[in-house]
Amino acid sequence: MRIILLGPPGAGKGTQSERIVARFGIPQLSTGDMLRAAVAAGTPVGLEAKAVMEAGGLVSDAIVVGIVADRIEEPDAKAGFILDGFPRTVEQAKALDAMLAEKGIALSAVVELKVDEDALVGRIANRAAETAAKGLPVRKDDTPEVFRSRLEAYRAQTAPLSDYYAKAGKLETVDGMQPIDTVTAGLMAILERHAETAGA
């Protein structure tokens with residue numbers, strides 16, 4: 001199972017990824033974690049990334065794709081993986097498609113958690129208020145203002161991926177506003193169908 005989960009911040013991708021990992025026994029691959037591991041391991045692409053980061057630059061799409069390419073060759077990813085936080089843009093998606101095609105690998109599923117963004121902002125505001133009421137510090141990410149800016153960045157950069165994968169006939173959606181277990185059931189139904197089709 002090679003899966004991409006799409007959805008804005010706060011849609012529940014992290015929670016659902018954990019459940020998919022538990023069900024299918026495949027790793028969740030975070031670009032941040034992979035980047036740090038490649039730098040620590042001193043791989044050729046890791047050294048390239050380290051040089052860019054030490055110079056204060058942003059790691060290019062080509063480097064990130066190279067790190068993903070190395071990571072999915074590792075034994076624990078042979079049965080599949082979930083990509084977390086990548087691709088973020090249509091350009092990255094095209095680069096990922098080209099890399100997977102070179103390896104003779106196809107994505108099993110691209111699933112988007114559809115959510116009501118205004119309701120998400122409300123959820124975040126409630127969570128921040130509850131945290132403050134308990135006398136606990138509120139995470140900067142959990143303020144409605146910061147969350148709105150993260151949503152705007154998502155809409156500008158990442159939301160176009162939905163159209164990209166829909167046009168490729170790969171996109172499926174689940175209503176992310178449902179209770180967590182209901183969302184999981186919807187996701188699993190899609191993934192089980194793909195697993196059966198692939199004979200996995």
Side-chain angles (χ1 to χ4, degrees), residues 1-8 11 13-53 57-113 154 157-174 187-200:
M1 294 298 297
R2 299 174 189 94
I3 304 159
I4 292 175
L5 267 189
L6 297 176
K13 296 189 299 297
T15 300
Q16 298 302 334
S17 290
E18 286 172 11
R19 295 181 175 197
I20 294 168
V21 167
R23 163 64 186 85
F24 291 99
I26 55 176
Q28 178 183 0
L29 306 183
S30 150
T31 44
D33 291 345
M34 286 187 282
L35 199 54
R36 285 185 287 275
V39 169
T43 64
V45 74
L47 293 172
E48 202 179 335
K50 185 180 180 184
V52 172
M53 290 189 291
L58 285 173
V59 178
S60 69
D61 289 352
I63 291 175
V64 176
V65 171
I67 284 169
V68 174
D70 284 352
R71 179 65 183 86
I72 63 176
E73 290 291 339
E74 291 182 26
D76 67 334
K78 287 295 182 193
F81 49 81
I82 306 170
L83 281 175
D84 175 14
F86 185 83
R88 284 185 191 277
T89 65
V90 170
E91 287 309 308
Q92 288 181 350
K94 289 176 180 174
L96 175 67
D97 282 348
M99 180 269 284
L100 292 174
E102 274 178 29
K103 291 181 179 288
I105 293 172
L107 289 169
S108 307
V110 179
V111 187
E112 180 178 13
L113 298 181
Y154 176 84
Q157 293 185 329
T158 311
L161 285 173
S162 302
D163 284 342
Y164 175 77
Y165 285 118
K167 283 174 184 165
K170 292 177 182 170
L171 186 72
E172 302 196 55
T173 60
V174 173
L187 261 174
M188 292 302 176
I190 290 170
L191 299 180
E192 296 283 0
R193 191 178 76 242
H194 284 288
E196 282 170 20
T197 306

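With contacts defined as side-chain heavy-atom distances shorter than 4.5 Å, the pair R71/D76 qualifies. Within the 4.5 Å cutoff, no side-chain heavy atoms of D163 are placed close to those of V90. Looking only at side-chain heavy atoms (C-beta outward), M188 and I20 come within less than 4.5 Å of each other. Counting heavy atoms from C-beta outward, I4 and K170 have side chains that stay 4.5 Å or more apart. Looking at heavy atoms from C-beta onward, I3 lies in side-chain contact with I26 at the 4.5 angstrom threshold. Side-chain contact between V65 and F86 is present, with at least one heavy-atom pair separated by less than 4.5 Å. The side-chain heavy atoms of M53 and V59, taken from C-beta on, include a pair separated by under 4.5 Å. Here the side chains of V111 and V174 are in contact, with some heavy-atom distance below 4.5 Å.
With respect to E196 and R193, no salt bridge is recorded, no charged nitrogen being found less than 4.0 Å from a carboxylate O. By the 4.0 Å N-to-carboxylate-O rule, D97 lies too far from K94 to be salt-bridged with it.
E192 CD to H194 NE2: the interatomic distance, rounded to the nearest 0.5 Å, is 11.5 Å.
Looking at every heavy atom in both residues, K103 comes nearest to E73 through NZ-OE2, 2.5 Å. Residues P87 and L161 share a closest heavy-atom pair of O-CD1, 3.1 Å.
For the pair K13 (side chain) and G7 (backbone), a donor-acceptor distance under 3.5 Å is present.
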